[in-house]
Each structure stands twice: as structure tokens, then as C-alpha cells.
2 protein chains.
Amino acid sequence: MTVTLADVAARAQVSPATVSRVLNGNYPVAAPTRERVLRAVDELDYVLNGPASALAAATSDLVGILVNDIADPFFGIMASAIQAEIGGTGGRAGGERLAVVCNTGGSPEQELKYLTLLQRQRAAAVVLTGGAVLDAPHAAAVAAKLRKLGEGGTRVVLCGRPPVPDARAVALTFDNLGGARAVTEHLAGLGHRRLGYLAGPEERSTTRHRLEGHRAALASAGIEEDPRRIVHGQFDRRSGYQGALELLRRDRSLTALVAANDSVAAGACAALRESGLRIPEDVSVTGFDDLPVATDVAPGLTTLRLPLTEAAARAGRIAMGREEAPAGGIGGVRGELVVRGSTGVARG
Amino acid sequence: MTVTLADVAARAQVSPATVSRVLNGNYPVAAPTRERVLRAVDELDYVLNGPASALAAATSDLVGILVNDIADPFFGIMASAIQAEIGGTGGRAGGERLAVVCNTGGSPEQELKYLTLLQRQRAAAVVLTGGAVLDAPHAAAVAAKLRKLGEGGTRVVLCGRPPVPDARAVALTFDNLGGARAVTEHLAGLGHRRLGYLAGPEERSTTRHRLEGHRAALASAGIEEDPRRIVHGQFDRRSGYQGALELLRRDRSLTALVAANDSVAAGACAALRESGLRIPEDVSVTGFDDLPVATDVAPGLTTLRLPLTEAAARAGRIAMGREEAPAGGIGGVRGELVVRGSTGVARG
DNA sequence: TTGAAAGCGGTACCAA
DNA sequence: TTGGTACCGCTTTCAA
């Protein structure tokens with residue numbers, strides 16, 4: 001019923017081996033023969049059987065892209081850039097790879113589950129994006145899984161994620177600490193002394209590194225740390241909204257709000273507006289990542305721009321084996337501060 | 001080197017067949033035997049070979065989710081909801097399916113490419129989300145491909161997409177026409193007579209249906225259509241921004257702007273703000289879909305809320321065979337108008 | 001340049 | 001309840 005390679009071979013009057021060679025294009029085949037085969041493929045409307053092919057070749061066309069939250073444009077942008085590199089060219093039969101985006105929801109269990117599923121599929125490569133959960137047992141489990149994937153021939157690339165020891169995975173890390181420090185130093189330089197910080201989930205690497213940078217900047221500006229000026233939440237608008245309200249409730253005199261990322265910043269802006277505060281005149285708000293959405297929400301929003309698209313594209317190329325990865329991975333992709341009408345202290 | 005099912009069988013002192021039964025859990029196996037097998041699996045750290053399994057069983061664990069733009073929250077929300085239904089339970093070995101999100105970028109070629117790739121992988125199901133390209137040849141090609149997928153045993157579900165004739169695909173359609181009409185009728189009811197319309201890409205089904213609804217409402221309100229009050233663009237913020245500027249350039253006296261979706265509306269709001277116009281006092285803006293992002297951008301934004309999450313979840317369940325498909329394979333999903341401080345005409 | 005044939009690792013039918 | 005064993009459809013030596 002379904003057309004197989006043997007059917008094509010019969011129709012083209014060649015052996016199955018020859019058809020396979022034509023389809024994979026990795027072996028010399030006489031032009032006329034190739035023609036006949038391709039015509040037969042066309043006439044029979046033949047589609048290669050992926051599983052069979054993967055089984056025989058011990059590798060598949062699948063490339064997994066793990067994201068923490070598919071509804072977050074941050075990951076959407078990265079996934080899109082990676083996919084563009086992957087789906088484009090190269091690969092076996094048909095010259096195409098299937099880039100599959102897996103949504104872990106930031107849950108370590110889901111992450112492990114997807115990694116196992118990809119391992120089961122003998123994925124050609126796996127790209128993990130965004131912050132990692134720092135919980136030790138889970139980190140160890142993920143590290144072990146990545147190691148196994150690597151041993152099984154799957155290329156592993158980390159993008160915007162800290163390196164994993166012992167797993168031969170290429171790591172493209174973002175300089176979250178440096179970026180966050182630059183943001184807060186900028187605000188301190190404008191004269192802000194009372195800064196609120198809207199942090200991400202406690203156990204996430206991005207949360208921790210950005211917070212460290214913030215603290216470092218506070219310290220060097222001689223501003224004393226106050227735990228009441230930090231609230232933790234998710235990396236989403238809702239958390240930014242609620243967090244900003246909470247920070248203002250604790251201290252209405254804050255002159256600046258630093259958000260862990262742009263979605264959080266967007267929510268914070270909404271909260272400030274509803275509280276009758278102007279941005280950035282009354283309260284200066286800064287984000288992180290520089291997503292377009294944030295620009296719309298608050299034209300006066302200052303953010304640290306991470307080269308998401310570039311980094312993701314690079315990760316994609318490395319995953320495809322089209323770009324060399326330096327030994328030990330690539331450290332600290334730097335961000336750039338984008339100042340949009342940020343103002344100094346106007347109140348009290 | 002890699003552990004196979006035979007290794008597990010040897011270690012557990014049973015036949016490969018028994019191991020397979022234990023792993024798939026679809027066949028009675030004595031409890032003690034099962035125990036031994038599971039222990040062996042654990043000790044050897046065995047992971048099932050997906051391709052081999054798919055080849056033998058003639059079906060895979062893969063479920064494809066096609067989206068037009070992964071960076072658009074509209075699709076992110078839907079993909080996330082579908083994935084939640086799919087990744088959860090059921091399925092073969094391990095009880096898990098791999099939900100893979102494929103980003104077509106709205107291109108018919110990419111769409112076909114991914115469908116072929118999924119066909120090649122013998123995907124268990126495919127869910128196509130969002131508007132379809134109406135170009136006849138492409139539509140026919142997609143229809144043919146879907147038909148073939150269906151024949152090959154892949155369940156096909158359309159979510160927010162018009163039905164495809166002859167392809168035994170379940171269609172969960174959104175009532176775009178009715179929704180758009182409701183939006184414009186609402187504005188007309190407030191006294192607006194000079195309305196601009198920011199449409200999506202010309203050849204997209206969603207664009208056309210929403211535009212039809214808009215026109216129907218104009219007609220029944222006795223407002224004459226003016227082609228200069230319609231601009232086409234993409235379904236993104238940038239198009240909304242540029243489109244709004246263009247509409248205002250053509251006619252500064254517009255009192256209302258209807259956007260094809262919320263991202264477009266967000267961009268339009270940004271453009272209006274920069275043009276010194278207040279929303280909704282000077283110009284009433286309405287969106288479509290009711291994405292959270294739009295609410296942030298313009299607290300006064302009226303939108304038509306589509307039950308994206310619910311519809312997507314339902315599509316996911318249907319794809320998994322856990323929910324009955326609507327009679328005739330087509331279910332119309334209605335939206336609901338959410339009015340947020342929309343005002344009538346205040347100018348001229 | 002092409003063909004023959006031995007796997008790749010499971011699954012599921014048929015027996016026992 | 002368990003085992004034996006033909007396949008599933010393609011890839012890839014090895015020979016010709």
C-alpha cells in the first residue's frame with residue numbers, strides 16, 4: 001500500500017541501493033540513472049520512511065530545541081533563529097532536517113523527559129536555550145543525560161545557558177552578570193539611590209547571575225543592599241505587574257525599577273501606570289533582552305540588548321556542524337545597553 | 001556499545017518479546033517478570049530506539065504542531081496549550097509523545113516541507129494552527145498532502161484554520177467573520193463613521209474573513225467603503241505601526257482604527273502615541289485575539305477575545321484521540337467582545 | 001558506476 | 001503468560 005524504496009527501484013529499473021544513493025546524494029550516480037530514479041520518485045509520489053532510514057543509518061534528521069517558555073517572545077526569537085539555520089540546507093535525504101521545538105515550561109522534569117525522548121529518537125542535535133535550573137540533583141541528572149546524548153552521537157549545544165561539566169556540549173553563554181551590572185551602574189550614574197529589583201525564579205541561573213550583577217553595581221556605587229527591595233517571580237508580565245505593586249507598597253519612594261527581563265519590565269510598566277506614576281519621569285524602568293514588545297509598552301524603557309538572534313543562529317550552525325566551536329565553548333556573549341530616554345532622579 | 005532491547009532481555013532472562021511488552025504496557029505480563037525487566041532496564045540505563053520502534057510499529061510518537069510565526073504570542077499560547085495535552089499521558093513506550101513545534105513563517109513552501117518531513121517521520125498526528133494561505137495551487141498542494149497524511153494513518157487537526165475538502169481532517173474553525181463584524185458594529189454603535197482598517201497579508205484566510213466581517217458591518221451601518229482606509233501588512237507590530245502612520249497620513253480625521261490582530265493593534269497604538277493622539281479618547285483602537293501583551297500596551301484597547309487556550313487544548317485532545325471530533329469534522333469557535341473603556345467619537 | 005545482501009533494533013503474530 | 005521469529009524499509013559494505 002505505501003510506496004517503498006523498492007517500488008521506486010523496480011520502476012526505475014535499478015537496485016534499491018542506487019535509489020538510496022540518489023536520494024542521499026552522497027555517492028556518485030550516473031546522471032541518466034539519477035534522472036530515471038528521480039522521475040520514478042516523482043511518479044510514485046514516494047516519501048522516504050524516516051524511521052527506517054534513521055534505524056539503518058543510526059541517526060535521524062531530528063534536531064531538538066528546548067525552550068523554557070514557548071509563549072515568551074525571548075524564546076520565540078531564539079527558536080526562530082535556530083530553526084532558520086537548521087531547516088535551511090544540508091542533511092540527508094531531501095537535504096532537510098526537522099527542527100523541533102520542545103516546551104519545557106521551565107520544569108526540570110519536562111526537560112529530562114524531552115531529552116530522553118530526543119535520545120530515543122536518536123536526534124542529530126539538541127540545542128538547550130535559556131537559563132538552567134540550579135537545583136543540584138536536577139542539574140546532575142541533566143548533565144548525565146547530556147553526556148549520554150553526546151556519547152550517542154547527538155551534538156549538544158547550550159545557548160544562553162551555563163556550561164555543563166563533563167558533557168561534551170558547546171556552551172554559548174550570555175554575560176548576564178556583566179549586563180545586569182551595566183544596567184544598575186547606569187541608573188546609579190543618573191543619581192538613583194533607591195532601586196527596586198524584580199527578579200526571576202530563585203533557582204534559575206539567569207536570575208542568579210543577573211542579580212549578582214545588580215548587587216555588584218550597588219556595592220560599587222556605595223548603595224546599601226536592602227532585601228525588601230527585591231522580589232522574586234516568574235519571567236513573565238504578570239510577575240512584573242504584581243512585583244512592581246508589591247515593591248511600591250513596601251516603599252513608594254523608589255525612583256528606579258530594574259526588571260529581570262523585558263516581559264517583567266512590561267508588566268511593571270503597566271503597574272506603574274495604574275499607580276499613577278509616569279515612566280520614566282517618576283520611576284525609571286529598565287529591562288533586559290530588548291524585545292520589541294517592551295519598546296512598545298514603554299518607549300522610555302532602557303534595556304540591555306542581548307544579541308539573541310545572532311547567538312541563536314550561531315548555536316544553530318554549530319548544531320548543524322557548519323561552524324566550528326572553540327574548545328571549551330564560547331563564553332560570555334556580551335550585551336549592549338540601549339538607553340531610551342532614561343532620566344535621573346526627579347522626586348524626593 | 002549502545003544497549004539494545006536484546007541486552008535487557010538477556011539480563012532479565014526473558015525473551016525480547018516480553019521486554020517489548022513490558023515497555024509498551026499493552027499486554028499482560030506477570031508481575032514478577034515485569035519487575036525483573038524493569039530492573040534490568042534501569043540497571044542498563046536502557047533507552048528505547050525510537051526509529052526502530054516506529055519502523056516495526058509503522059507509527060511514531062511524534063506529533064507535529066505547525067505555526068505561522070513562533071515569535072508571535074498568539075501561536076505561542078496555542079502551541080503551549082496543545083503541547084500540554086499531548087505531552088501529558090497516553091502513547092506507547094514510556095507513555096509519552098513528542099510534541100514538535102514547526103515554524104513555517106507563514107510560507108506555503110515551508111508548510112509543505114514540514115508536512116513532508118512529518119509524513120516521512122510517520123507522525124502520529126499533525127495540528128495545523130492559524131490562517132491558511134489561500135493561493136489556489138498551494139492550497140491544493142497542502143490539501144493533497146494532508147490527504148496523504150490521513151491515508152498514512154496520521155491524524156490531522158486544523159485549529160483556527162478553514163476546513164480542507166476531501167482530507168479527512170478535523171477542523172476547529174474560528175468565527176473570524178462574525179467576530180470582526182461584532183468589533184466594527186460595536187464601533188459604529190458608538191458613532192464612529194471614519195474607520196481605518198489594518199489588515200493582515202492579502203492571501204491569508206484570517207485576513208480575508210476578518211475583512212469580510214468588517215465590510216459587512218460597515219454596510220449594515222450604512223458607512224460607505226473606502227479602499228484608502230484599508231492597508232495590508234503582516235500580522236505583526238511593525239506592520240501595525242507603519243500601517244497606522246500610513247492611514248493617518250491619508251486621513252488624519254479617522255476616529256477609529258481596527259486592527260487585524262493584537263500585535264498589529266499594539267504597533268498601531270505606538271504609532272498613535274508618537275503622533276500625539278490619545279487612545280481611546282482621540283482614536284479608538286480595537287484588536288483581535290485578546291493577547292495579554294495588547295492589554296499592557298493599551299489599557300483602553302477593545303478586542304475580540306478568541307478562546308485560544310481552550311480551542312488549542314481541544315485540538316490537542318482530538319489529535320491524541322482522547323476527544324471526539326465534532327460532527328462533520330468541523331466546529332466553529334466563537335469569540336467574545338471585550339470592551340475596555342472604548343469611547344465614542346470626540347473629534348470633528 | 002551498480003548490485004547483492006547483511007544487518008539496524010524493535011514489534012507482533014503464531015505457537016507452546 | 002511467554003518464546004520464537006518473520007518482517008518493517010532503508011543503509012552500507014563488499015563484489016562485480
Side-chain angles (χ1 to χ4, degrees), chain A residues 1-38 40-41 44-62 91-94 119-122 124 152-153, chain B residues 1-38 40-41 44-62 91-94 119-122 124 152-153:
Chain A
M1 36 149 248
T2 51
V3 184
T4 73
L5 185 140
D7 299 330
V8 176
R11 173 146 199 145
Q13 318 242 55
V14 297
S15 74
T18 301
V19 177
S20 175
R21 286 168 187 142
V22 169
L23 260 28
N24 285 297
N26 52 8
Y27 209 85
V29 174
T33 312
R34 171 204 294 321
E35 282 307 309
R36 280 217 311 289
V37 170
L38 290 179
V41 165
L44 294 175
D45 211 5
Y46 171 69
V47 174
L48 189 70
N49 183 317
S53 168
L55 172 57
T59 176
S60 80
D61 283 338
L62 248 48
R92 22 187 331 106
Q119 180 185 11
R120 175 182 301 177
Q121 299 295 336
R122 304 298 188 257
Chain B
M1 39 150 245
T2 51
V3 184
T4 74
L5 185 140
D7 299 330
V8 176
R11 174 147 197 143
Q13 319 240 53
V14 295
S15 75
T18 301
V19 177
S20 175
R21 286 168 188 142
V22 170
L23 260 28
N24 285 297
N26 53 7
Y27 210 85
V29 174
T33 313
R34 170 202 290 342
E35 283 307 310
R36 280 215 314 286
V37 170
L38 290 179
V41 165
L44 295 176
D45 211 6
Y46 170 69
V47 174
L48 190 69
N49 183 317
S53 171
L55 172 59
T59 176
S60 80
D61 283 339
L62 246 51
R92 21 189 327 111
Q119 180 185 10
R120 173 182 302 178
Q121 298 295 336
R122 303 299 186 256

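Keep in mind that what you see is a predicted model, and the values were worked out from it rather than measured. Below, read A as the first sequence line, B as the second, and so on, with proteins coming before strands; counting in each chain starts at 1.
In this entry the distance linking CZ of Arg36(A) with P of dT1(C) reads 14 Å, nearest Å. Atoms OH (Tyr27(A)) and P (dT12(D)) sit 11 Å apart, rounded to a whole Å. When the P atom of dT2(C) is taken as reference, atom CD of Glu35(A) falls 12 Å away, rounded to whole Å. dC8(D) atom P lies 16 Å from atom CG of Leu48(A), rounded to whole Å. Atom CZ of Arg122(B) and atom P of dG10(C) are 20 Å apart (whole Å). dT11(D) atom C1' lies 9 Å from atom CG of Leu55(A), rounded to whole Å.
Rotation axes derived from the C1' atoms of the five outermost pairs at either end of the helix from dT1(C)-dA16(D) to dA16(C)-dT1(D) lie 30° apart, to the nearest 10°.
To the nearest 0.5 angstrom, Asn26(A) atom CG is 7.5 Å from Ser20(A) atom OG. Note that CG of Leu48(B) and CG of Asn24(B) are 7.0 Å apart. Values are rounded to the nearest 0.5 Å. Atom CD of Gln121(B) sits about 11.5 Å away from atom OG1 of Thr59(B), to the nearest 0.5 Å. To the nearest 0.5 angstrom, Arg11(B) atom CZ is 5.0 Å from Leu44(B) atom CG. Remark: Arg120(B) CZ to Ser60(B) OG distance equals 13.5 Å, nearest 0.5 Å.
You'll find that the side chain of Val29(B) is closest to dT2(D), out of dG9(C), dT12(D), dT2(D). Distances from the side chain of Leu5(B) to the nucleotides dT11(D), dT2(D), dG10(C) place dG10(C) closest. With dC10(D), dT2(D), dG10(C) as the choices, the nucleotide that has an atom nearest any side-chain atom of Ala30(B) turns out to be dT2(D). Nearest to the side-chain atoms of Ala57(B) among the listed nucleotides dT11(C), dC10(D), dG9(D) stands dT11(C).
Distances shorter than 4.0 Å separate some side-chain N or O of Tyr46(B) from OP1 or OP2 on dG10(C). Residue Asn49(B) places none of its side-chain N or O atoms closer than 4.0 Å to OP1 or OP2 of dC8(C). Phosphate contact (OP1/OP2 of dT11(C), side-chain N/O of Ser53(B), threshold under 4.0 Å): present.
Counting heavy atoms from C-beta on, the side chains of Val41(B) and Leu23(B) come closer than 4.5 Å. In this structure, Thr33(A) and Val22(A) have side chains that are not in contact, with every pair of non-hydrogen atoms separated by 4.5 Å or more.
Every residue was checked against the salt bridge (Lys or Arg N to Asp or Glu O under 4.0 Å) condition with Arg36(A), not counting sequence neighbours, and none meets it.
Within a heavy-atom distance below 4.0 Å of DNA chain C, the residues of residues 11-21 of chain B found are Ala17(B), Ser20(B), Arg21(B).
Of the two residues contacting DNA chain D, namely Pro28(B) and Gly50(A), the nearest-nucleotide position lying further toward the 5' end is that of Pro28(B).
Exactly one residue among Asp7(A), Leu5(A), Thr4(A), Val8(A) makes a side chain to side chain contact (heavy atoms under 4.5 Å, CB included) with Pro16(A). That residue is Leu5(A).
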